[in-house]
Amino acid sequence: MRRANRLFDIVEYLRRAKRVVTAQELAARLEVSVRTIYRDIADLQASRVPVEGEAGLGYMMRSGYELPPLMFTEDEIEALVFGARMVRAWGDAAFTGAADAAVSKIRAVLPDRLGRIAETTRLTVAPGRTKPGDGYSTHLTPVRRAIRERRKLAVDYEALTGERTQRVLRPLGLAFFGPYWMLAAWCEMRGDFRTFRIERIRSLKVTEETFRDERGKTMEDFLARPGEGCYADARDRVPGVAAK
């Protein structure tokens, strides 16, 4: 957990608890050491956040303290909630948890009127076609990690024809063409860019080998090629799109 997120969570926990909370309780909740909690509390107090108490006794938030309200419009609130619901319906478990946590943090600091909009918006998303063990739920998380960390992927890919190939990929980006997730990558086997349907990946390993941007092999190079903008709308909405 990033330190900024941890400080936010400490403030929210103390604000909602309305009682004395020990450093040990906070440490267990946030999965950090008691010493880290002591250091974080000291930093909050130095920043004039009204946390009262001391090490060995516990801490309590002074009554009436509120985080500054975020300045969102009604449309922005609905867009955020709708986006989180899209992720919940079509993303992987880690993505879903992150989206829910983000919305919860935003709701916690919204004025009451906007909070009610977030709770009652009627914008919904049809359930995804995912199921445990399919390509979406199994592979989205490691693919996202590989893109973020610039790690090569070793994949066993099955084309729509039934042909299976083993490839080493430089994962560059993901795009969602409901109901399909598409991976854009540099394929070392073909020496060229290819796009892959995530649910067609039969096995996948994030390798320890990293890669750097090389001229002609970046996401920007891929998108600059004729007919590849936004993956060329996934070749008219995907079904026949597969790596060759």
Side-chain angles (χ1 to χ4, degrees), residues 1-18 21 25-32 36-37 40-41 43-44 47 49 51 61 65-132 134-151 171-183 198 206 219 230:
M1 175 184 292
R2 292 189 307 171
R3 185 169 182 273
N5 292 343
R6 189 173 67 246
L7 293 175
F8 181 96
D9 287 345
I10 289 172
V11 169
E12 271 302 286
Y13 192 74
L14 293 175
R15 193 174 68 86
R16 291 172 180 242
K18 298 180 180 179
V21 178
E25 181 179 342
L26 287 168
R29 180 176 181 83
L30 299 176
E31 299 181 342
V32 296
T36 296
I37 295 298
D40 288 345
I41 292 290
D43 288 344
L44 288 170
S47 300
V49 176
V51 178
M61 184 68 67
Y65 178 75
E66 297 288 342
L67 290 171
L70 299 180
M71 301 306 292
F72 288 114
T73 67
E74 295 177 358
D75 284 344
E76 288 169 343
I77 291 299
E78 286 198 324
L80 289 168
V81 174
F82 180 71
R85 291 175 179 176
M86 280 286 291
V87 170
R88 189 182 298 114
W90 293 102
D92 55 75
F95 225 11
T96 297
D100 286 344
V103 171
S104 294
K105 289 178 180 179
I106 291 170
R107 285 175 177 168
V109 295
L110 287 175
D112 289 343
R113 182 181 65 83
L114 292 179
R116 285 192 294 272
I117 291 174
E119 293 287 347
T120 61
T121 179
R122 295 295 184 259
L123 296 177
T124 58
V125 179
R129 300 190 308 186
T130 61
K131 56 183 181 299
D134 70 9
Y136 292 121
S137 59
T138 304
H139 299 316
L140 272 180
T141 299
V143 168
R144 290 193 298 106
R145 172 195 160 199
I147 293 171
R148 188 168 56 244
E149 297 179 358
R150 292 172 173 260
R151 293 190 180 275
L172 302 175
L174 275 170
F176 181 63
F177 298 89
Y180 304 101
W181 280 95
M182 300 293 299
L183 169 65
I198 291 294
V206 180
M219 188 64 175
C230 197

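One-based numbering along the sequence shown. Treat the numbers as computed from the prediction; the structure is a model and nothing was measured.
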message = Can you confirm whether Val81 sits close enough to Glu119 that some side-chain heavy atom of one is under 4.5 Å from a side-chain heavy atom of the other?
response = no
Partner residues of Leu123 under the side chain to side chain contact (heavy atoms under 4.5 Å, CB included) criterion, sequence neighbours left out = Glu78, Phe82, Thr121
ask   = Taking only residues two or more places apart in sequence, or in another chain, which ones meet Ile147 in a side chain to side chain contact (heavy atoms under 4.5 Å, CB included)?
value = Val143, Pro171, Leu174, Leu183
inquiry  = Tell me every residue that passes side-chain hydrogen bond (donor to acceptor under 3.5 Å, both in side chains) with Arg29, counting only those two or more places apart in sequence or in another chain.
reply    = none
query = For Arg85, which residues count as a side-chain hydrogen bond (donor to acceptor under 3.5 Å, both in side chains) partner, sequence neighbours excluded?
reply = none
key: Main-chain N/O of Trp90 paired with Trp181 side-chain donor or acceptor, under 3.5 Å   = yes
request  = Step by step, work out the side-chain contact (heavy atoms from CB on, under 4.5 Å) result for Phe95 and Leu140.
outcome  = CA-CA 9 Å; Phe95 225 11; Leu140 272 180; over 6 Å; no
message = If I take atom CZ from residue Arg6 and atom CG from residue Leu26, how far apart are they, to the nearest 0.5 angstrom?
response = 11.0 Å
task = Please tell me if the side chains of Ile41 and Leu14 come closer than 4.5 Å, counting only heavy atoms from C-beta onward.
result = yes
ask   = Out of curiosity, Leu30 CG to Ile37 CD1, how far, rounded to the nearest 0.5 Å?
value = 5.0 Å
query = Shortest non-hydrogen contact from Val87 to Ala99?
reply = CG1-CB, 3.9 Å
remark   = Minimal heavy-atom distance between Ala84 and Val103, with the atoms involved, is CB-CG2, 3.5 Å
query = Side chains of Val11 and Leu7: does their closest heavy-atom pair fall under 4.5 Å?
reply = no
ask   = How long is the span from the CD1 atom in Ile77 to the CZ atom in Arg116, to the nearest 0.5 Å?
value = 13.0 Å
message = Which residues pass the side-chain hydrogen bond (donor to acceptor under 3.5 Å, both in side chains) test with Arg144, not counting sequence neighbours?
response = Asp92
task = Nearest 0.5 Å please: distance from the CG atom of Leu80 over to the CD1 atom of Ile117.
result = 12.0 Å
ask   = Met61 and Val21: side-chain contact (heavy atoms from CB on, under 4.5 Å), yes or no, with the steps?
value = CA-CA 9 Å; Met61 184 68 67; Val21 178; over 6 Å; no
Arg16: partners by salt bridge (charged side-chain N to carboxylate O under 4.0 Å, His left out), with sequence neighbours left out = Glu12
ask   = Between Ile198 and Met182, is a side-chain contact (heavy atoms from CB on, under 4.5 Å) present by the stated rule, with each step listed?
value = CA-CA 6 Å; Ile198 291 294; Met182 300 293 299; over 6 Å; no
inquiry  = Taking salt bridge (charged side-chain N to carboxylate O under 4.0 Å, His left out) as the definition, give me every residue that meets it alongside Arg150, ordered by chain and number, with sequence neighbours left out.
reply    = Asp213
query = With sequence neighbours left out, what residues match Glu31 under salt bridge (charged side-chain N to carboxylate O under 4.0 Å, His left out)?
reply = none
key: Qualifying residues under salt bridge (charged side-chain N to carboxylate O under 4.0 Å, His left out), relative to Glu25, sequence neighbours excluded   = Arg19
